[in-house]
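Just so it is clear: chains get the letters A, B, ... in the order the sequence lines come, proteins before strands, and each one is counted from 1. Keep in mind that the numbers below use all heavy atoms, side chains included, and drop hydrogens, waters and symmetry copies.
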Number of protein chains: 2
Amino acid sequence: MARANPIDKHDERRRALADSALRTLGELGYARSSLREIANNSPFSHGVVHYYFSDKLELIVYGVRQYKAVCVTRYDGVVAGATTAGGLVSAFADKLCETIVDEAPMHRLWYDLRSQSMFEESLREAVQQIDHTLEDMVWRVVTRVAELAGTDVALTSHTVYGMFDGVFQQALLRYVAGQEREALDDLRTEVRALVPLTLGAGAPGAAGAAAVEVRATA
Amino acid sequence: MARANPIDKHDERRRALADSALRTLGELGYARSSLREIANNSPFSHGVVHYYFSDKLELIVYGVRQYKAVCVTRYDGVVAGATTAGGLVSAFADKLCETIVDEAPMHRLWYDLRSQSMFEESLREAVQQIDHTLEDMVWRVVTRVAELAGTDVALTSHTVYGMFDGVFQQALLRYVAGQEREALDDLRTEVRALVPLTLGAGAPGAAGAAAVEVRATA
DNA sequence: CGAAAATCTTGACACCTGCCCAGGAAAATC
DNA sequence: GATTTTCCTGGGCAGGTGTCAAGATTTTCG
């Protein structure tokens, strides 16, 4: 039986280690996660980290990169399956809520790391890259909504990302603080209210924004 | 000569200590700031902290609360002095840029602390309180813009805060990462574009949003 | 099988952390 | 000036940190 390429095996091990680390990091945050604690919540010993990674930081960045790489594709499905602007907006809002419920620890870790990057220069490059892929992700959603609504997006992708990231972060903060219901309900209605605002006054029919909003809140 | 009330003196000392601590915290972040490092960048010794504060956390929270308390009044002047909707929007945008330039370390510390609050329960109450005062602050600005434009705000204060906090944070991230010009320019135009979007279709004249936007971008 | 290479464990290292406290300086009070 | 109270210092403690290296263990392969 064919064995795996040793390089693949090495990479697979890195992935597994980083994956284990993410669980602990999501629970304790960047600052409180020691390598020993990370190793305890995993099938590895604390020393093995330096066999696969040169650094604690490299391990963490590797893990978060890995996580966000799949995270970023989460909305491709809803974009592909959408048939109406309002439907896509609702689906987008629902997915955002879903990911808060399912992966709150990972999201708070991301915001933790992003904040750390303002102090730790060595984190900046990775954070900026990830932030950019996230920006692209919401841009794909919003431009598709515009397309379905027969209009275009009236704001830059950076602006759109900033505002949605902001309301998402607020929802996460509330959710983690125990106000789960409120956080999710508000996030849903906020997204449905905000997406139409990003659209220009469209070509066909009435004002694109208003038209989408009606369907979204229906 | 009259001496100060001993309680006032005690409080004054606390304030001074917390103030010194903020400088270090803004430079190193929450995780890297040790009490010894904080004391080194101050006229105090590391032991005195436990004379005025029970805890490292209490010191930090006290300091950030103190800072944000004055921070929150920074826009009252521009609100009071505004005579037109567009003028207020521009002044608001300018002030936001100004505070990034002048106090980037404090802002990144705030975001750091807010992220930490998602892991550290004992931070949550203070963070939520501060976040609420910030929300009120931008709400005062936006409602005044609406008033001047003869319309009202079409979103909740929580939503409005979320979106502006988001674009502000993005600007801060870029600014700290060295893209100062780009960050400030984008933030200014983003704020001028977004504020009108928060307004309802006003009573007098044309659509309130459009009317404000014209003056803002003039 | 046996040697060589890889993977992993364990324990140690130098250092740093928050916190506490004995003792002394300074100030206030009488 | 003496005494009491307030204020502050600096050292020490117990525990935790990232990193590393030497050895054990496993895997690979001639």
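For residues 13-30 of chain B, proximity to DNA chain C is found at no residue, defined as any non-hydrogen atom under 4.0 angstrom from a strand atom. Near DNA chain C, meaning a heavy atom under 4.0 Å from it, residues 33-45 of chain B has B:Ser33, B:Ser34, B:Leu35, B:Arg36 in order of number. For the contact set between residues 52-61 of chain B and DNA chain C, defined by any heavy atom under 4.0 Å, the members are B:Asp55, B:Lys56.
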**Study point:** CA sep, side-chain torsions, deciding dist, call: A:Val195, A:Phe164, side-chain contact (heavy atoms from CB on, under 4.5 Å)
**Key:** CA-CA 9 Å; A:Val195 174; A:Phe164 283 110; 3.5 Å; yes

Exercise for the section: Report the C-alpha distance between B:Tyr30 and B:Leu57 in whole Å, list the side-chain angles of each, state the deciding distance to 0.1 Å, and finish with yes or no for side-chain contact (heavy atoms from CB on, under 4.5 Å). Expected result: CA-CA 10 Å; B:Tyr30 171 74; B:Leu57 254 150; 4.0 Å; yes

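Computed from coordinates, the A:His10 NE2 to C:dA5 P distance equals 16 Å when rounded to whole Å. The distance between atom NE2 of B:His46 and atom C1' of C:dC21, rounded to the nearest whole Å, is 11 Å. Rounded to whole angstrom, the span from the NZ atom of B:Lys9 across to the C1' atom of C:dA27 amounts to 9 Å. Atom NE2 of A:His50 and atom P of D:dG23 are 20 Å apart (whole Å).
Classified by interplanar angle (parallel below 30°, tilted 30° to 60°, perpendicular above 60°), the ring pair A:Tyr52/A:His10 is tilted. Classified by interplanar angle (parallel below 30°, tilted 30° to 60°, perpendicular above 60°), the ring pair A:Tyr62/A:Phe53 is perpendicular. Relative ring orientation between A:Phe168 and A:His107 is described as perpendicular, the plane-to-plane angle rising above 60° on a 0-90° scale split at 30° and 60°.
When atom types are taken as modelled, the side chain of B:Thr99 and the backbone of B:Leu96 share no donor-acceptor pair closer than 3.5 angstrom. The backbone N or O of A:Leu17 sits nowhere less than 3.5 Å from a side-chain atom of A:Ser20 that would complete a donor-acceptor pair. Although no hydrogens or angles enter the test, the distance criterion places no donor-acceptor pair under 3.5 Å between the side chain of A:Glu135 and the main chain of A:Asp131. In this structure, B:Arg108 contributes its side chain and B:Gly29 its backbone to no donor-acceptor pair below 3.5 Å. Proximity of a side-chain donor or acceptor of A:Arg174 to a complementary backbone N or O of A:Gln179 within less than 3.5 Å is not detected.
Base pairing annotation: C:dC20 forms a Watson-Crick or G-U wobble pair with D:dG11, both donor-acceptor distances under 3.5 Å.
The only option from B:Arg74, B:Lys68, B:Lys95, B:Arg23 that meets the salt bridge (charged side-chain N to carboxylate O under 4.0 Å, His left out) definition with B:Glu103 turns out to be B:Arg74.
Within the 4.0 Å cut-off from OP1 or OP2 of D:dC7, at least one side-chain nitrogen or oxygen of B:Tyr51 is found.
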